[in-house]
Protein chains: 2
Amino acid sequence: MAGPAPTVYLVDDDDRVLRALKRLLSSDGHSVACYSNAEEFLLHHDPEVPGCAVLDLGLPGMDGFGIQDALASGTAQRPLIFLTGRGDIPASVRAMKAGAVDFLTKPVERSALLAAVAQALVRDKEMRQNGEQRSSLEQRLSKLTPREREVLTLVVAGRLNKQIAGELGTVEKTIKVHRGRMMNKMGVRTVADLVRLVARQQG
Amino acid sequence: MAGPAPTVYLVDDDDRVLRALKRLLSSDGHSVACYSNAEEFLLHHDPEVPGCAVLDLGLPGMDGFGIQDALASGTAQRPLIFLTGRGDIPASVRAMKAGAVDFLTKPVERSALLAAVAQALVRDKEMRQNGEQRSSLEQRLSKLTPREREVLTLVVAGRLNKQIAGELGTVEKTIKVHRGRMMNKMGVRTVADLVRLVARQQG
DNA sequence: GACGTAGTTGGACTTGGGTCCAATGTGCCG
DNA sequence: CGGCACATTGGACCCAAGTCCAACTACGTC
């Protein structure tokens, strides 16, 4: 039920920084995984494991933005905290615009980093719960036949069976059957439940 | 229907900057209003007029953050773009975290400012449409009697009239009447419409 | 050709929701 | 006290939705 414990992924090419951060975060009770470059992190981290990442912006090869872009273009999202020694304002603005939780400068204050990590873990948890709901919804939607999907759309839009029949070129009786099967597959009993279920996602 | 044209509010204590920015934004087709300090802006700008604000961070007296906080503590929201000559990374991060559209450094590139303003105006428009929906919803909610509000809650939760009657300690017939009157006042005809209307906001 | 899935429809029936008319009780305000 | 808003309920009735049983058609696979 609880799933694996959240992990803080550290990516920094400076081994001393890595060890210092790991010590700090471990002492605060976090599980920590260390990587010395972007590729290693992207290859080895498991998107299924909850957590956040603390990235050095100035990595050799692919930098922090590269990681951010790589994660954004995939399905796996993970809250990011940037950490940099020589960053400038445009870099920080770019990172924040792209959804970073925080953008900290070295040397970083312990409390600032821990607060950012705490916030990032909260955000990750929310995103995962959101994602679970969405995937559970999509799983149920995938069980519907094409016709049932059409009926679902019109039911959520507030149409009566009679109207749905008209729009789909059939009779009310048929719609009742599709509708009943659809409600079963979606696992809801009332229209209100159905609308709350599907309207929350597509907004 | 269209309302007043969006206005770009400029706040900068340097008159030359103000004039230069006004010229730039006017040439891009924007209405512009200029203020030389925070207090003047907060007192004189009309929250009803759509638009965004471009703020110098280093104002004498109340600074850009002060404006941001003042706006955030009130009901009036307005997308903000920060412009600064001597900002640092923590300042930019703070501004972006607090919801700023962008954080630019002087001297600012024309295209960067115009792009930021364009984005801010889009955001403002979205926020206003959202706000109109919310206020129209609250207006309708305010017409409901206490009992009708309770019924609404339970209807949206997917309860049957019979169950609602049980939970409210009355009989189904009574609920039908409350429910009918409530649906009328809310201006919807089906449960689906009702749920979409109220679940979108508190969701 | 048999079989499964999807879509279709009919009949009969139950339940849920909504409405119109009418009426009662209660608390508050002028 | 009279009027008003609110909550309540009954009866009669209609329409919408859901269900059970049964059947037919089309398409594609084995």
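Letters A, B, ... are given to chains in the order of the sequence lines, protein chains preceding strands, and every chain is numbered from 1. Computation of the quantities below employed the complete heavy-atom set of this structure, encompassing side-chain atoms and omitting hydrogens, waters and symmetry-equivalent molecules.
- For the pair Leu144(B) and Gly169(B), nearest-nucleotide mapping onto DNA chain D gives the more 5' position to Leu144(B).
- With values rounded to the nearest 0.5 angstrom, His178(B) atom NE2 is found 15.5 Å from Met183(B) atom CE.
- The shortest distance between side-chain heavy atoms of Met127(A) and Pro79(A) falls below 4.5 Å.
- Judged purely by atom type and a 3.5 angstrom limit, Asp124(A) has no side-chain atom pairing as donor or acceptor with the backbone of Arg78(A).
- Between the NZ atom of Lys173(B) and the P atom of dG11(D) there is a distance of 10 Å, given to the nearest Å.
- For the segment residues 150-166 of chain A, no residue has any heavy atom less than 4.0 angstrom from an atom of DNA chain C.
- The pair Asp28(A)-Arg23(A) does not meet the salt-bridge criterion, since no charged nitrogen lies less than 4.0 angstrom from a carboxylate oxygen.
- The CD1 atom of Ile175(A) sits 13 Å away from the P atom of dG10(C) (whole-angstrom rounding).
- Between Phe65(A) and Phe82(A), the closest heavy-atom pair is N-CE2, 4.2 Å.
- Ser142(A) and Glu138(A) form no side-chain donor-acceptor contact under 3.5 Å, judged by distance and modelled atom types alone.
- No side-chain heavy atom of Leu18(A) sits under 4.5 Å from any side-chain heavy atom of Asp13(A).
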- request: Verify side-chain hydrogen bond (donor to acceptor under 3.5 Å, both in side chains) between Ser135(B) and Gln139(B), making sure each step is shown before the conclusion.
  value: CA-CA 6 Å; Ser135(B) 73; Gln139(B) 191 181 339; 5.8 Å; no
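- Residues of residues 176-192 of chain A that place a heavy atom closer than 4.0 Å to DNA chain D, in numerical order, are Lys176(A), Arg179(A).
- Comparing dG11(C), dA6(C), dC6(D) by their closest approach to the side chain of Thr145(A) singles out dA6(C).
- One atom, CD of Glu172(B), and another, C1' of dT19(C), lie 14 Å apart when rounded to the nearest Å.
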